[in-house]
Amino acid sequence: MPRPKTRARSHRAERGNTFATLLLVGLLILVVGAVTLLGGSGFLARDAGTAARMDAPVPGDPGTTAASPSVAPTRTPAVSRKPPGKRTVVPGLTLRRYTTEELAEIEAERLRAIAARKPVTIRVGTFNVLGSNHTAPGGDRRNYPPASRRTPQAASYIRNYGVQVLGTQELKPDQLNGLKSMTGMAAYPDYAFGTRDTDNNILYDPDVFEFVSGDSFSITFMHAVRPQPIVKLRHRLTGREMYFVNMHASAGEGRYAVSRRAGHLAAVSVVNRLASERLPVFLTGDMNDRAEFFCRVAPPTGLAAAIGGSTSGGCSPAGRLAVDWVLGTGVQWSDYDEDRSTLGRVSDHHFVSATATIPGETD
């Protein structure tokens, strides 16, 4: 009789183990189903990228701001709204509002960058106007008309040749005022050096150029030390900047020849210093010298004379030189004109001008 009891207990144990196994399997099925349901509905983040998308703005939500015409995009992560279970993180846009002024400046800068790649063409000149003191009573050029008659004629030369930047010499206050009024040109230094030092002004068309900065260097001219102007101008259309240097060197022999050479060498130093900024440099003026000036100044600076001449393999000035010069670095010259019709009625110097082409900028 003991054997049947053992068999009954064994059957009951087997049934208990089977029930526990079935219960465990059922619980596992429930857990797996819950995980699948929650993950597929987007409530369970599978990774950091999925979690990050939870904070992204939803189109139509009250907190979402609509774009306006004056906004510009910048990159930031955003979410592509897809059906549950198919969400992915994609690049998006953050909208920034710009003011009308900011948008105008952005557009202007874009246009300047395009224009800077094109060559710049300007007309540059020099003119010793014959100071009004020379033709006033007691002056040494009384055979010339007074400045009140000569200044309008000087203005007509500027207009007729389309000169946009002009280096002047012997320009007295009455002539400075007259030329500015009759041509609409601005001037540097104007009266910045005082009323006794207006002679070596640089006139420029303010519609073409804007003033950036001004400076000077000093040389001995005849009996006194005089300031010679340096001006940096910005071409309005392209934003290109360039330097203009204007001077008047001593005339005569003896000690005046010494100060003339010293003035030329001072100009060499100034031009080389300015050219180190990799900007075009123009030099204008009454140098009171011809071939000697060219061979003294052009080779060590790389200045090209508007009238021509070569420094390759030596120094070869152009022929029939005047003492009035227009030169430049990094430019190509054309349409050089040396108008001598000024002599005897407007000035005792020629009106010299030429067209300078500055190559376009490259990357």
Side-chain angles (χ1 to χ4, degrees), residues 42-43 45-124 162 164-165 184-188 190 192 202-215 230-244 274-282 330-331 356-363:
F43 294 104
R46 293 186 179 88
D47 53 36
T50 308
R53 69 167 186 239
M54 298 301 182
D55 297 327
V58 180
D61 283 357
T64 303
T65 302
S68 68
S70 60
V71 291
T74 55
R75 289 287 179 187
T76 191
V79 175
S80 173
R81 288 293 172 181
K82 295 185 177 182
K86 296 183 179 181
R87 296 185 178 188
T88 56
V89 177
V90 298
L93 299 174
T94 295
L95 302 179
R96 177 187 182 277
R97 185 179 297 276
Y98 284 86
T99 65
T100 302
E101 292 76 12
E102 287 175 322
L103 289 173
E105 180 56 33
I106 291 171
E107 177 63 8
E109 185 59 35
R110 185 184 73 84
L111 294 176
R112 279 194 294 267
I114 294 173
R117 295 179 180 274
K118 301 177 181 179
V120 176
T121 300
I122 60 175
R123 189 78 181 173
V124 184
Q164 296 160 320
V165 181
M185 299 182 87
Y188 181 82
D190 205 3
I202 299 173
L203 305 181
Y204 62 93
D205 186 342
D207 292 332
V208 178
F209 291 99
E210 60 179 320
F211 176 84
V212 178
S213 63
D215 200 354
I230 304 168
V231 66
K232 180 192 280 189
L233 300 177
R234 181 181 296 117
H235 191 251
R236 290 186 181 276
L237 181 61
T238 63
R240 302 281 294 276
E241 294 183 351
M242 55 202 77
Y243 281 106
F244 294 87
L274 300 177
S276 68
E277 298 183 28
R278 299 186 181 279
L279 295 177
V281 181
F282 294 90
V331 302
T357 298
I358 305 169
E361 291 181 345
T362 57
D363 294 331

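The shown structure was predicted, so the numbers you read here are calculated from the model rather than taken from an experiment.
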[X] [atom1] to [Y] [atom2] distance, which is reported to the nearest 0.5 Å:
X	Y	atom1	atom2	value
Arg240	Ile358	CZ	CD1	6.0 Å
Tyr243	Ile202	OH	CD1	12.0 Å
Glu210	Tyr204	CD	OH	9.0 Å
Gln164	His235	CD	NE2	6.5 Å

(message) Does the plane of the ring in Phe244 sit parallel, tilted or perpendicular to the ring in Phe282? Use 30° and 60° as the thresholds.
(response) parallel
Which side-chain N or O atoms in residues 101-108 pair as donor and acceptor under 3.5 Å with protein atoms at least two apart or in another chain?
from   : atom 1 : to     : atom 2 : distance (Å)
Glu102 : OE1    : Thr99  : N      : 2.9
Glu102 : OE1    : Thr99  : OG1    : 3.4
Glu105 : OE2    : Arg112 : NH2    : 2.8
Glu107 : OE1    : Arg110 : NE     : 3.1
Glu107 : OE2    : Arg110 : NH2    : 2.7

Nearest heavy-atom pair of [X] and [Y]: which atoms, and what distance?
X	Y	answer
Asp205	Met185	N-CE, 3.8 Å
Thr357	Pro119	CG2-CB, 4.0 Å
Ala186	Pro206	N-CD, 3.8 Å

(request) Identify, with sequence neighbours excluded, every residue that meets side-chain hydrogen bond (donor to acceptor under 3.5 Å, both in side chains) alongside Arg123. (result) Ser353, Thr355
(request) Begin with the C-alpha distance, continue with both residues' side-chain angles, and end with the deciding distance and a verdict on side chain to side chain contact (heavy atoms under 4.5 Å, CB included) for Tyr188 and Leu233. (result) CA-CA 10 Å; Tyr188 181 82; Leu233 300 177; over 6 Å; no
(request) Step by step, work out the side chain to side chain contact (heavy atoms under 4.5 Å, CB included) result for Met242 and Val331. (result) CA-CA 11 Å; Met242 55 202 77; Val331 302; over 6 Å; no
(message) Can you list everything that forms a salt bridge (Lys or Arg N to Asp or Glu O under 4.0 Å) with Asp207? Sequence neighbours excluded, please.
(response) none
